[in-house]
**Student:** 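After the structure tokens below, expect a handful of questions from me.
These numbers come from the heavy atoms of this one structure, side chains and all, not from hydrogens, waters or symmetry mates.
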Amino acid sequence: MTREHQGESRGWAAARKGVWSWLRFTSLRLRLVLVFGLVALTAAVSASGIAYWLNREAVLTRTQDAVLRDFEQEMQNRAGALPEHPTQDELQHTAGQMANSSQRFGVLLAAENADGETVYGSSGGLGGFALSDVPESLRTAVNKEQKVTSANKHAYHLYWQRMSDDGTPYLVAGTRVIGGGPTGYMLKSLEPEAKDLNSLAWSLGIATALALLGSALLAQALATTVLKPVHRLGVAARRLGEGKLDTRLRVSGTDELADLSRTFNSAAENLEKRVADMAGREQASRRFVADMSHELRTPLTALTAVTEVLEEELEYEGEGEGEGGSFDPMVEPAVRLVVSETRRLNNLVENLMEVTRFDAGTARLVLDDVDVADQITACIDARAWLDAVDLDAARGIHARLDPRRLDVILANLIGNALKHGGSPVRVSVTRADDEIVIRVRDHGPGIPEDVLPHVFDRFYKASASRPRSEGSGLGLSIAMENAHIHGGGITAENSPEGGAVFVLRLPQDPSPPVDDDAGDGAHGGDGESSAGDGSRGKDAKGRA
């Protein structure tokens, strides 16, 4: 794939991610747009509905009043001028004259001729407006004679009704001539008014759509204005979480978002000061531990030489020869204690120096092609553990590792299992994908569940009642650090068959920083100083 294609793919992925984040319902921007849209839609629909209803009533009422007024006038002037018993031709002629009024409506006149027959005259001829076009309820109301009273001065009144025929609205009205005469019906099409109302409805619909679009654009603009500082705040918070403590926000304005930015800057500044102060204290503490460890090495060297002489004298006395170098029985326990504690102090100083290197980040790997089975065998043989350890490892499993640091890890894990677990200790090696998996299992009572999360903690003691042990409490912690620097790790668990299992996973070809000049005695070359140092707590009878 070319660089241009890669750039296009990244651009498309970024654009798609941006659109997806914008469309997420949990997005505040989308919610603002939706809320603004719903409010605008509700307001626009309500306003449009009210405007349409008011205009519709006004248009129909105005047209209706004009038509009814004109029809009533024509009935009085023209139909009222007909004889008492008109002929069909007279009704037809009068209906045509009435239909030619300014309102242009259809007219139907009905009356009795001289023979007592009902005759009709329509403005549209024989095929025009007919009596069947008038609703029955309207005809009944028109022909019903009402009692004349002071409140009701006429026996017959004008009645009207709106109806629809094949989707076309009509206004139908009827009345009788006051004082006697023919009955007249009027039919007026309201289609022009309906078209005007439809045009009005379309205009209001377009206005509603434009209002909705405008509200969406306004919401987008407001969301951008409001969310842009929030987005900058989120980016700054992420940068701060990544450790970039010099991150600050540009403050502009005097609104709540500006106050939030000022608060963030103040918090970031205080955090930077506190972290710098803590880093300084940690560096000073680390330097103190390193200096103290180095300073202790000189007197410890002399003490170690003296204790070696004392230990030789003790061994010589133990041979039972009874010649020279014998100790007073009251002094011998004290001598043995001095020898033991000097060795323990020496191991502690070595471990502290190793921990200091890890904390300072100066520990480096010297990688070599290692046969894992040979390395484990060499570790066990160097410490005379062959009779206590069962090794299940096939030769030929190679990996690029630091042999000295691997020896430190193995010495700690196996020595810890021998000291606090139950024999025999079984060590197995397998290959999983690109990893080397080394399992160290003992046959002891296992590790209590509340202790498991802390077995790799520094100076952790499983029992507060037994803070003293032969180890420094740093062995397993150092083993874990050595695994981490290889890019691997160690886990601890209890086996279902009993006993504890430590699992070491190391990559076959790690790629951490490598220092070919390393080997500065980061941890005793034979690993014995940290092997089984008691960081797992108690002994086999009640151990962690």
**Student:** Do Glu449 and Leu452 have side chains that get closer than 4.5 Å, going by heavy atoms?
**Tutor:** yes
**Student:** Does Arg232 have any salt bridge (Lys or Arg N to Asp or Glu O under 4.0 Å) partners at least two apart in sequence or in another chain, and if so, which?
**Tutor:** none
**Student:** Side-chain contact test, heavy atoms from C-beta onward, threshold under 4.5 Å: evaluate it for Ile438 versus Ser428 and give yes or no.
**Tutor:** no
**Student:** NE2/His486 to CG/Leu365 distance, rounded to the nearest 0.5 angstrom?
**Tutor:**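 If I round to the nearest 0.5 Å, the distance is 4.5 Å.
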**Student:** Taking the side chain as every heavy atom from C-beta outward, state whether Glu272 and Asp246 have any atom pair closer than 4.5 Å.
**Tutor:**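 Touching, per the 4.5 Å side-chain cut-off.
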**Student:** Under a 4.0 Å threshold between the charged nitrogen and the carboxylate oxygen, would Asp368 count as salt-bridged to Arg400?
**Tutor:**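 So Arg400 does not pair with Asp368 through a salt bridge.
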**Student:** Does the Asn198 side chain pair with the main chain of Ala194, one donor and one acceptor, at a distance under 3.5 Å?
**Tutor:** yes
**Student:** Counting only heavy atoms not in Asp450, do more than 12 fall under 6.0 Å of its CG?
**Tutor:**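 Above 12, so yes.
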**Student:** Say you draw a straight line from CG of Leu233 to CG of Leu260; how long is it, rounded to the nearest 0.5 Å?
**Tutor:** 5.0 Å
**Student:** Tell me, do Leu504 and Val437 make a side-chain contact under 4.5 Å, heavy atoms counted?
**Tutor:**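 No, too far: nothing below the 4.5 Å cut-off.
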**Student:** Using a 3.5 Å distance criterion without hydrogens, assess whether the side chain of Asn55 forms a donor-acceptor pair with backbone atoms of Ala51.
**Tutor:**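 Yes, because the side chain of Asn55 sits within donor-acceptor range (under 3.5 Å) of the backbone of Ala51.
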**Student:** Would you say Asn482's side chain and Ile409's backbone share a donor-acceptor pair under 3.5 angstrom?
**Tutor:**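 Not at all, since once roles are kept as given, no pair shorter than 3.5 Å links the two residues.
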**Student:** Could you report the tightest heavy-atom contact between Leu401 and Pro507, atom names first, then the distance?
**Tutor:** CD2-O, 3.8 Å
**Student:** Looking only at non-hydrogen atoms, find the nearest pair between Ser261 and Val251 and report the distance.
**Tutor:**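 For Ser261 and Val251, the tightest heavy-atom pair comes out as CB-CG2, 3.9 Å.
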**Student:** Say you draw a straight line from CD1 of Ile206 to OG of Ser48; how long is it, rounded to the nearest 0.5 Å?
**Tutor:** 11.0 Å
**Student:** Rounded to the nearest 0.5 Å, how far does CZ of Arg250 lie from CG of Asn265?
**Tutor:** 11.5 Å
**Student:** Might you point out which heavy atoms bring Leu476 and Phe456 nearest each other, and give the distance in Å?
**Tutor:**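 For Leu476 versus Phe456, the nearest heavy atoms are O-CD2, 3.5 Å.
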**Student:** If we check side chain to side chain contact (heavy atoms under 4.5 Å, CB included) with Cys379, which of these qualifies: Leu410, Val427, Leu413?
**Tutor:** Leu410
**Student:** Are the side chains of Asp196 and Leu200 in touch, meaning some heavy atoms are under 4.5 Å apart?
**Tutor:**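 No; the side chains remain at least 4.5 Å from each other.
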**Student:** On a heavy-atom basis, which atom in Leu391 and which in Ala373 lie closest, and how many Å separate them?
**Tutor:** CD2-O, 4.3 Å
**Student:** Determine whether a donor-acceptor pair (N or O, by modelled atom type, separation under 3.5 Å) exists between the side chain of Gln375 and the backbone of Pro403.
**Tutor:** yes
**Student:** Which pair of heavy atoms, one from His484 and one from Gly488, lies closest together, and at what distance?
**Tutor:**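 What the structure gives for the nearest pair is CD2-O, 3.2 Å.
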**Student:** Can you check side chain to side chain contact (heavy atoms under 4.5 Å, CB included) on Leu506 and Leu406, steps first, answer last?
**Tutor:** CA-CA 10 Å; Leu506 297 175; Leu406 178 60; 3.9 Å; yes
**Student:** I'd like to check His398 versus Val372 (side-chain heavy atoms, cut-off strictly below 4.5 Å). Are they in contact?
**Tutor:**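 No, side chains not in contact.
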**Student:** Can a donor-acceptor pair be found, under 3.5 Å and without considering hydrogens, that links the side chain of Asp442 to the backbone of Gly499?
**Tutor:** no
**Student:** Ignoring hydrogens and angles, tell me if any N or O in the side chain of His443 forms a donor-acceptor pair with the backbone of Pro424 under 3.5 Å.
**Tutor:** yes
**Student:** Check whether any side-chain heavy atom of Ile447 sits under 4.5 Å from a side-chain heavy atom of Phe502, and report yes or no.
**Tutor:** yes
**Student:** Do side-chain atoms of Ser266 reach the backbone of Arg262 as a donor and acceptor pair under 3.5 angstrom?
**Tutor:** no
**Student:** Is the shortest distance from a Lys or Arg side-chain nitrogen in Glu193 or Lys188 to a carboxylate oxygen in the other one below 4.0 Å?
**Tutor:** no
**Student:** Could you walk me through whether Val172 and Trp160 pass the side chain to side chain contact (heavy atoms under 4.5 Å, CB included) check?
**Tutor:** CA-CA 5 Å; Val172 182; Trp160 59 270; over 6 Å; no
**Student:** Could you go through the side chain to side chain contact (heavy atoms under 4.5 Å, CB included) check for Ile414 and Ile380 one step at a time?
**Tutor:** CA-CA 8 Å; Ile414 299 174; Ile380 296 173; 4.1 Å; yes
**Student:** Rounded at 0.5 Å granularity, tell me how far CG in Leu68 sits from OG1 in Thr63.
**Tutor:**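 Interatomic distance, Leu68 CG to Thr63 OG1, rounded to 0.5 Å: 10.5 Å.
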**Student:** Could you check Glu269 against Lys273 for salt bridge (Lys or Arg N to Asp or Glu O under 4.0 Å), going step by step and ending with a plain yes or no?
**Tutor:** CA-CA 6 Å; Glu269 184 177 358; Lys273 290 180 180 178; 3.7 Å; yes
**Student:** Can you tell me if CZ on Arg274 sees more than 12 non-hydrogen neighbours from other groups inside 6.0 Å?
**Tutor:**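 No, the 6.0 Å shell around CZ holds no more than 12 heavy atoms from other groups.
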**Student:** Is there a side-chain contact between Arg505 and Arg439 (heavy atoms, below 4.5 Å)?
**Tutor:**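 When only atoms from C-beta onward are counted, Arg439 and Arg505 do touch, with a gap below 4.5 Å.
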**Student:** Sub-3.5 Å donor-acceptor pair from the side chain of Thr247 to the main-chain atoms of Lys244, do we have one?
**Tutor:**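 Judged by distance alone, yes, a pair lies under 3.5 Å.
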**Student:** Quick check: closest heavy atoms across Arg441 and Gly498, and the distance to 0.1 Å?
**Tutor:**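 Heavy-atom minimum between the residues: NH2-O, 3.3 Å.
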**Student:** Apply the test side chain to side chain contact (heavy atoms under 4.5 Å, CB included) to residues Val501 and Asn494: give CA-CA distance (whole Å), side-chain angles for both, the deciding distance (0.1 Å), then the verdict.
**Tutor:** CA-CA 6 Å; Val501 181; Asn494 289 315; over 6 Å; no
**Student:** How long is the span from the CD1 atom in Ile397 to the CG atom in Asp374, to the nearest 0.5 Å?
**Tutor:** 11.0 Å
